[in-house]
Amino acid sequence: MFSALSLIAAEEGGFHPPSIYEFYPEIVAFEGTPFAINRIMMIRLIVMTVLIVLFWLWTRKFNQAVKAGNVVPGRFQLLGEMALNFVRKSIAHDQLGEKDGERFLPLLTTIFFMVLGMNITGIIPFANIAGTSVIGIPLVLALAAYVTFIYAGVKRHGAKFFKNALFPSGVPPAFYTLVTPIELLSTFILRPVTLALRLLMNMIAGHLLLVLCFSATQFFFFEADGIFKFFGAGTLLFGFAFTVFEILVAVLQAYVFTLLTTVYIQLALADEH
């Protein structure tokens, strides 16, 4: 399909497929300064503001309900309780237990809602791109997860955390020359890299597919001639289908990122370390 579109574009000169430059938008404020802001940075600031306001409103509702002794939550409060309990019960408590789950709950909650909020802007009109579709936010969140699971391991086991991670028990000493480099690479290097790249690549791929579908729709409907106009209905249908799929991907990637962070913390706290 992409080849056909490119051929038509070459002939008509009207269709412009998505490119990597989608992720380097023009500066919209403070150009020429260290604080230059482009559209993606603007989206990130808006998402952070919305999340802060949302959590402030939820906290206010919870406190008012406790003071009034109201055991029947309203819709807004119920939505907040369901969202927060999903991270608390289904991720933190299930993987770490109640005691350790509560210790790391602030970090896990922050990661889940930050990834979800940044991802979902990819299908919001006038934003149209995820805040996680460039490396900055995925890298910062992956580093936060990396530092946290190392901190958890060192706090629980001291220096033995590194020894047991690199020299696992039950392995004959002769095999450490093979096992230790693999453990070093997989535990201390690949974990943050894969966390960041998995999120980044999913958001990039989703954005390119949506841009391709809707750009092709516009081209077929308004610039193509004859029978080619009918292809617009197909690309429009694919565009809506991929939009729904992107909502699922946004939620799934937030869940996967948070779950993997929790699993890494769990492995660092495990008794064998």
Side-chain angles (χ1 to χ4, degrees), residues 43-44 46-68 70-124 127 130-133 137-138 140-149 151-152 191-192 194-196 198-203 206 242-270:
I43 288 170
R44 289 172 171 174
I46 293 172
V47 169
M48 291 304 300
T49 304
V50 169
L51 287 176
I52 290 170
V53 171
L54 184 63
F55 274 81
W56 177 74
L57 290 174
W58 274 341
T59 304
R60 189 181 171 200
K61 281 288 182 184
F62 297 155
N63 291 334
Q64 288 176 344
V66 170
K67 287 180 182 176
N70 186 7
V71 296
V72 181
R75 291 181 180 177
F76 181 70
Q77 183 183 340
L78 181 62
L79 177 65
E81 290 180 358
M82 289 174 62
L84 292 170
N85 274 331
F86 173 73
V87 180
R88 186 181 189 186
K89 301 287 185 184
S90 301
I91 299 178
H93 287 186
D94 278 1
Q95 299 297 324
L96 300 174
E98 287 195 20
K99 183 180 177 182
D100 288 324
E102 290 296 320
R103 284 176 59 206
F104 295 100
L105 187 60
L107 173 77
L108 299 175
T109 303
T110 302
I111 287 177
F112 179 82
F113 285 97
M114 193 167 172
V115 174
L116 178 59
M118 295 290 176
N119 286 353
I120 209 71
T121 57
I123 51 93
I124 294 177
T132 46
S133 59
I137 293 294
V140 168
L141 293 175
L143 286 175
Y146 181 72
V147 170
T148 302
F149 86 75
Y151 162 79
R191 282 183 183 179
T194 54
L195 269 179
R198 181 185 297 107
L199 176 59
L200 176 69
M201 292 305 161
N202 273 282
M203 292 301 105
F242 279 126
T243 300
V244 174
F245 184 67
E246 272 300 292
I247 297 174
L248 175 64
V249 170
V251 177
L252 189 62
Q253 286 301 314
Y255 175 72
V256 168
F257 199 110
T258 311
L259 183 65
L260 286 175
T261 301
T262 312
V263 169
Y264 294 156
I265 295 171
Q266 180 196 43
L267 291 173
L269 294 173

Please table the atom pairs, donor to acceptor, closer than 3.5 Å between any side-chain atom in residues 247-265 and protein atoms at least two apart or in another chain.
unit_1, atom_1, unit_2, atom_2, d
Thr258, OG1, Ala254, O, 2.7
Thr261, OG1, Phe257, O, 2.9
Thr262, OG1, Thr258, O, 2.7

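A pairwise comparison of heavy atoms in Leu108 and Ala92 identifies CD1-CB, 3.9 Å as the closest pair. The shortest heavy-atom contact between Thr121 and Ala130 is OG1-CA, 3.3 Å. Pairing each heavy atom of Leu84 with each of Phe62, the nearest pair is CD1-CE1, 3.7 Å.
Here OG of Ser90 is found 10.0 Å from CD of Gln95. Values are rounded to the nearest 0.5 Å. A distance of 5.5 Å separates CE of Met118 from CE of Met48, quoted to the nearest 0.5 Å. Between atom CD1 of residue Ile111 and atom CG of residue Leu116 there is a gap of 13.5 Å, rounded to the nearest 0.5 Å. Note that the CD1 atom of Ile52 and the CG atom of Leu57 stand 12.0 Å from one another [nearest 0.5 Å].
Partners of Thr243 by side-chain contact (heavy atoms from CB on, under 4.5 Å), not counting sequence neighbours, listed by chain and number: Ile123, Leu210, Phe214. In this structure, Phe104 has no ring-ring contact (aromatic ring centres under 6.0 Å, His included) partners at least two apart in sequence or on a different chain. Here Ile46 pairs with Met42, Val50 under the side-chain contact (heavy atoms from CB on, under 4.5 Å) rule; sequence neighbours left out. Residues meeting the ring-ring contact (aromatic ring centres under 6.0 Å, His included) test with Tyr146, sequence neighbours left out: Phe149. Every residue two or more places apart in sequence or in another chain that forms a side-chain hydrogen bond (donor to acceptor under 3.5 Å, both in side chains) with Arg88 is listed here: Glu102. Taking the salt bridge (charged side-chain N to carboxylate O under 4.0 Å, His left out) definition, one finds that Arg60 meets it with nothing, sequence neighbours left out. Remark: Arg103 pairs with Asp100 by the side-chain hydrogen bond (donor to acceptor under 3.5 Å, both in side chains) rule, at least two apart or across chains. Residues forming a ring-ring contact (aromatic ring centres under 6.0 Å, His included) with Phe245 (at least two apart in sequence, or on another chain): none.
None of Ile120, Ile137, Val47 except one satisfies the side-chain contact (heavy atoms from CB on, under 4.5 Å) rule with Thr132; the exception is Ile137.
Applying the side-chain hydrogen bond (donor to acceptor under 3.5 Å, both in side chains) test to pairs two or more places apart or on separate chains, those with a residue in residues 73-85 are Gln77-Glu81.
Classified by interplanar angle (parallel below 30°, tilted 30° to 60°, perpendicular above 60°), the ring pair Phe86/Phe112 is tilted.
A donor-acceptor distance shorter than 3.5 angstrom exists from the side chain of Thr194 to the backbone of Arg191, with no hydrogens or angles considered. When atom types are taken as modelled, the side chain of Thr109 and the backbone of Pro106 share no donor-acceptor pair closer than 3.5 angstrom.
Side-chain contact between Asn119 and Leu199 is present, with heavy atoms from C-beta onward closer than 4.5 Å.
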